[in-house]
Amino acid sequence: MASSSPLLLLVLPLLLLMAARPSAGVDPIATDCSKNGTSAQTQASIDAVLASLVPRASAAYYATATAGKSPSTIYGLAQCRGDVPKQDCALCVAAAEQELASSCRGSADARVFYDYCLLRYSDANFLGLPDTGYTLILLNTQNATGVDLAAFDKAQTKLMSRVAAEAGEASRKGLATDTTKLGGGGGGAASKTTIYGLGWCTRDITAADCGLCVAQAVAEFPNYCRYRRGCRVIYSSCMARYETYPFFFPIDGGSQEAPDQDQVGHQDKIILNHP
Ligand SMILES: *[C@@H]1O[C@H](CO)[C@@H](O)[C@H](O)[C@H]1NC(C)=O
Ligand SMILES: *[C@@H]1O[C@H](CO)[C@@H](O)[C@H](O)[C@H]1NC(C)=O
């Protein structure tokens with residue numbers, strides 16, 4: 001027993017740290033690699049783009065890079081969600097680089113999506129072009145509870161159309177967050193449900209394109225997410241998400257604790273239109 005206590009002392013703070021920070025920040029939601037079979041020159045361009053993106057995106061939350069001469073040119077983009085603390089941004093971008101360098105080695109087109117960041121490169125110049133091809137849908141397997149489902153759906157729809165409109169405003173710099181409250185069955189403040197909505201875009205597209213992109217993502221919700229406790233539609237240029245727990249910073253009440261796993265629940269993943 002005595003010999004295990006120093007170990008416990010070490011492990012305990014680590015566990016606390018892990019509990020206090022949503023681990024989702026460093027677990028990829030999805031990785032997609034295509035155009036396998038790159039030349040050595042293209043691989044060198046990929047390596048150069050990744051090496052250039054990581055430090056710059058970690059420092060500034062957004063970076064693009066280009067490397068190599070045609071036909072070995074590679075274009076890249078890395079971005080963190082604007083609300084995320086700086087250290088989480090850096091961890092996320094580093095994890096994204098590792099993920100693409102290992103899982104997508106040999107691919108001339110690769111993208112990886114996390115809660116807190118995304119990283120993408122391609123041999124085609126995608127920069128500035130709104131891309132709603134590749135589509136990743138994550139929906140909570142459970143319906144909302146403690147609310148009238150029709151009222152929940154109406155409130156979610158109204159919230160997310162507001163989020164899409166806000167995402168289109170230049171002053172938002174591609175990130176819109178908003179909330180709405182709806183009364184529960186019993187009435188009173190304690191039974192109110194809050195819906196948290198977020199839309200964000202890669203910064204290479206214009207504010208107007210961002211608004212359209214988020215609106216297109218939101219328009220998928222009725223097809224996949226009606227009544228669901230939470231849902232997100234992720235494109236390569238933007239995403240839209242709502243949950244019934246706080247998931248963006250600053251977390252309500254200043255607490256940065258991870259939501260309880262019961263609320264997070266399980267997600268079904270649907271992928272449409274692979275590149
Ligand atoms: C790319 O192709 C090579 C050779 O066919 C294969 O070994 C490798 O697993 C492929 N990589 C990916 C990411 O599909
Ligand atoms: C969600 O609620 C709808 C409407 O009551 C119902 O048809 C559907 O089966 C429910 N889905 C889940 C996953 O509980």
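Every heavy atom of this structure was used, including side-chain atoms; hydrogens, water molecules and symmetry mates were not. One-based numbering along the sequence shown. Counting starts at 1 for both ligands and their atoms, in listed order.
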- Is it true that the SG atoms of C201 and C213 are less than 2.5 Å apart? no
- Item | Y134 and F113 aromatic centres sub-6.0 Å | yes
- Taking only Lys NZ, Arg NE, NH1 and NH2, and the carboxylate oxygens of Asp or Glu, determine whether D178 and R162 approach each other closer than 4.0 Å. yes
- Message: For a quick check: using heavy atoms under 4.0 Å, what are the residues in contact with ligand 2, sorted by chain and number?
- Response: T141, N143, L149, Y227
Can you give the donor-acceptor pairs under 3.5 Å from side chains of residues 43-59 to other protein atoms, not counting sequence neighbours?
{"unit_1": "Q43", "atom_1": "OE1", "unit_2": "T38", "atom_2": "OG1", "d": "3.4"}
{"unit_1": "Q43", "atom_1": "OE1", "unit_2": "G106", "atom_2": "N", "d": "3.3"}
{"unit_1": "Q43", "atom_1": "NE2", "unit_2": "D47", "atom_2": "OD1", "d": "3.1"}
{"unit_1": "S45", "atom_1": "OG", "unit_2": "Q41", "atom_2": "O", "d": "3.2"}
{"unit_1": "S45", "atom_1": "OG", "unit_2": "S72", "atom_2": "O", "d": "2.6"}
{"unit_1": "S52", "atom_1": "OG", "unit_2": "R56", "atom_2": "NE", "d": "3.4"}
{"unit_1": "S52", "atom_1": "OG", "unit_2": "R56", "atom_2": "NH2", "d": "2.8"}
{"unit_1": "R56", "atom_1": "NE", "unit_2": "S52", "atom_2": "O", "d": "3.1"}
{"unit_1": "R56", "atom_1": "NH1", "unit_2": "T64", "atom_2": "O", "d": "3.4"}
{"unit_1": "R56", "atom_1": "NH2", "unit_2": "T64", "atom_2": "O", "d": "2.7"}
{"unit_1": "S58", "atom_1": "OG", "unit_2": "V54", "atom_2": "O", "d": "2.7"}

- Query: Should the pair R241 and F247 be classed as cation-pi, given the thresholds of under 6.0 Å to the six-membered ring centre and 45° from the axis?
  - Reply: yes
- Task: Please determine, by modelled atom types, if T132 and Q216 share a side-chain donor-acceptor pair under 3.5 angstrom.
- Result: yes
